[in-house]
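First up is the structure itself, then whatever we jot down about it.
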2 protein chains.
Amino acid sequence: MRRSNEARSGAMRAALMAAGREIFVSAGFAAATTPAIVAAAGVTRGALYHHFTDKTALFEAVIRAEAGAVAAAIDAATVAPADPLEALRTGGRAFLQAMKAPGRARLLLVEGPAVLGPAAMAAIDAATGAATLRAGLAEAMAQGLLRPLPPDATAQVLSAGYDRAALAIAGGADVDAWVTVMDALLEGLATRR
Amino acid sequence: MRRSNEARSGAMRAALMAAGREIFVSAGFAAATTPAIVAAAGVTRGALYHHFTDKTALFEAVIRAEAGAVAAAIDAATVAPADPLEALRTGGRAFLQAMKAPGRARLLLVEGPAVLGPAAMAAIDAATGAATLRAGLAEAMAQGLLRPLPPDATAQVLSAGYDRAALAIAGGADVDAWVTVMDALLEGLATRR
DNA sequence: ATAACATACATACAGAATGTATGTAAATAA
DNA sequence: TTATTTACATACATTCTGTATGTATGTTAT
């Protein structure tokens, strides 16, 4: 069985990331041991430390993949938005839907900020989805649909609300109540007619 | 020098919690080693493991103290509120003020949820401050000052916004922008007149 | 095609941290 | 005062992390 190095590396990285995701979710980053991870992948620690500088680097790769998946799901859901406000509501719902993936909320909202730091997580989010939210808000404000407010802080506060909703839903909470509240929040920020 | 066991234990627990807080803040829970903590307290690991079952138990004691301090600061600031809505705004500002204590935002909002879990942190918050916020919202809704919404989800979403604000401020952000946004959020949820 | 080299991965090792077990001194109880 | 519990220190066993080293497989050049 002869495989190119590129194919081998790609498959190995994917296998390590999948195993890492599994252990990180079930045990948390701190209790996720590298022996457990490589056992789940059916390899040795040599492979892990060949492809990733350390346990944190593997974790970061997993986080980036998760963040990318969420961003892709939101992008796919917000094609052809009627208006910026509707786009925000739709994007929010798509976010909550995407965050239902098992373990994803814990990875992106709890472990990630603790392990990589809030700043690094913000940078990852910015590279993926957060910029879209901020741009959507700014656009809605420019069109006079939303009250003029500091766009950065507004985007982050709304994002924090959606994050908390995602965590609650991951914990078994009812989706509808949270969608209701988030929609009310957005409507409250809309200009009066 | 003769001291009662109760006094000894109290002083030792306080010293360990102070040293733990210091190291947890500077290094994070994972990188905070028990040798470093007891060195900062000027004792040995024997004292630590006599008073706390493990490193996590010490951490939880520190977290509970921090949460209690925040709750006390909010309580002190919200004596004699004009109306429920004003109480919410005042409480929010007091929260942001209290969260300026160095390292507090990281402890309560980043490390705590990761180490103890979001559920345990919610329980700690509930025992301290979160119940007040929820009650304030419910009261404001009952008086017709706020739109009727699921009180739990609403309280958590607002709390998440204030949390994010506290983290941003801890990271050096300007307080005013965040107060503006949070006040706008509350005003948006108020009933129209 | 084969020698020379690089890449992929496994094995072996050194250091450090955690939690426990055990030992000693001080305080409380009998 | 003696007995017993409490407070703390020291010593130990286990386990994990990251690195160093070794081997096999793939790639490049002559």
Side-chain angles (χ1 to χ4, degrees), chain A residues 1-63 111-112 114-117 120, chain B residues 1-63 111-112 114-117 120:
Chain A
M1 175 179 181
R2 184 182 172 87
R3 287 204 306 173
S4 77
N5 275 343
E6 193 179 338
R8 285 215 297 173
S9 287
M12 180 60 82
R13 284 183 63 95
L16 287 168
M17 285 171 65
R21 208 213 109 108
E22 182 189 327
I23 307 293
F24 289 142
V25 166
S26 61
F29 178 82
T33 67
T34 54
I37 292 169
V38 297
V43 294
T44 67
R45 301 195 327 124
L48 170 57
Y49 282 92
H50 178 70
H51 287 285
F52 300 93
T53 58
D54 56 15
K55 201 175 86 168
T56 302
L58 171 63
F59 180 78
E60 182 171 341
V62 170
I63 290 295
E111 300 282 336
V115 175
L116 307 176
Chain B
M1 177 179 180
R2 184 182 174 85
R3 286 206 304 175
S4 78
N5 274 344
E6 194 179 337
R8 283 216 298 173
S9 288
M12 181 60 82
R13 284 184 64 95
L16 286 168
M17 285 172 65
R21 206 211 109 107
E22 182 189 327
I23 307 292
F24 289 142
V25 166
S26 61
F29 178 82
T33 68
T34 54
I37 292 169
V38 297
V43 296
T44 68
R45 297 192 334 120
L48 170 58
Y49 281 92
H50 178 71
H51 288 284
F52 300 93
T53 58
D54 55 15
K55 200 175 86 169
T56 302
L58 171 65
F59 180 77
E60 182 172 341
V62 170
I63 290 295
E111 299 283 334
V115 174
L116 306 176

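In this text the structure is predicted, and so the values were computed from the model without any measurement. Below, chains carry the letters A, B, ... as their sequence lines are ordered, and counting in each starts from 1.
- For A/Glu60, the side-chain hydrogen bond (donor to acceptor under 3.5 Å, both in side chains) partners are A/Arg64, not counting sequence neighbours.
- For B/Lys55 and C/dT18, the shortest distance from a side-chain N or O to OP1 or OP2 is below 4.0 Å.
- Within the structure, ring-ring contact (aromatic ring centres under 6.0 Å, His included) pairs that include any residue of residues 36-55 of chain A do not occur (at least two apart or interchain).
- Note on residues 23-34 of chain A: no pairs pass salt bridge (Lys or Arg N to Asp or Glu O under 4.0 Å), not counting sequence neighbours.
- Axis angle between the ends of the helix from C/dA1-D/dT30 to C/dA30-D/dT1, five pairs each and rounded to 10 degrees, works out to 10°.
- Proximity of residues 23-41 of chain B to DNA chain C (heavy atom under 4.0 angstrom from any strand atom) is restricted to B/Ala32, B/Thr33, B/Thr34, B/Pro35.
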Task: Under 4.0 Å protein heavy-atom contact, by nucleotide of nucleotides 1-8 of chain C - B base, S sugar-phosphate only - done: ------SB

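- For the pair B/Leu48 CG and C/dT18 P, the interatomic distance rounds to 9 Å; values are reported in whole Å.
- Counting only residues at least two apart or on different chains, no salt bridge (Lys or Arg N to Asp or Glu O under 4.0 Å) pair has a member in residues 32-43 of chain B.
- Pairs engaging residues 34-53 of chain B under the salt bridge (Lys or Arg N to Asp or Glu O under 4.0 Å) rule: none recorded [sequence neighbours left out].
- Applying the side chain to side chain donor-acceptor pair (under 3.5 Å) test to residues at least two apart or on different chains, the pairs with a partner in residues 5-23 of chain B are B/Arg21-B/Glu66.
- Counting only residues at least two apart or on different chains, no salt bridge (Lys or Arg N to Asp or Glu O under 4.0 Å) pair has a member in residues 26-35 of chain A.
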Between protein and nucleic acid, restricted to nucleotides 2-4 of chain D and to nitrogen or oxygen atoms under 3.5 Å apart, what atom pairs and distances do you find?
none

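- Residues passing the side-chain contact (heavy atoms from CB on, under 4.5 Å) test with A/Ala19, sequence neighbours excluded: A/Ile37, A/Ala40, A/Ala41.
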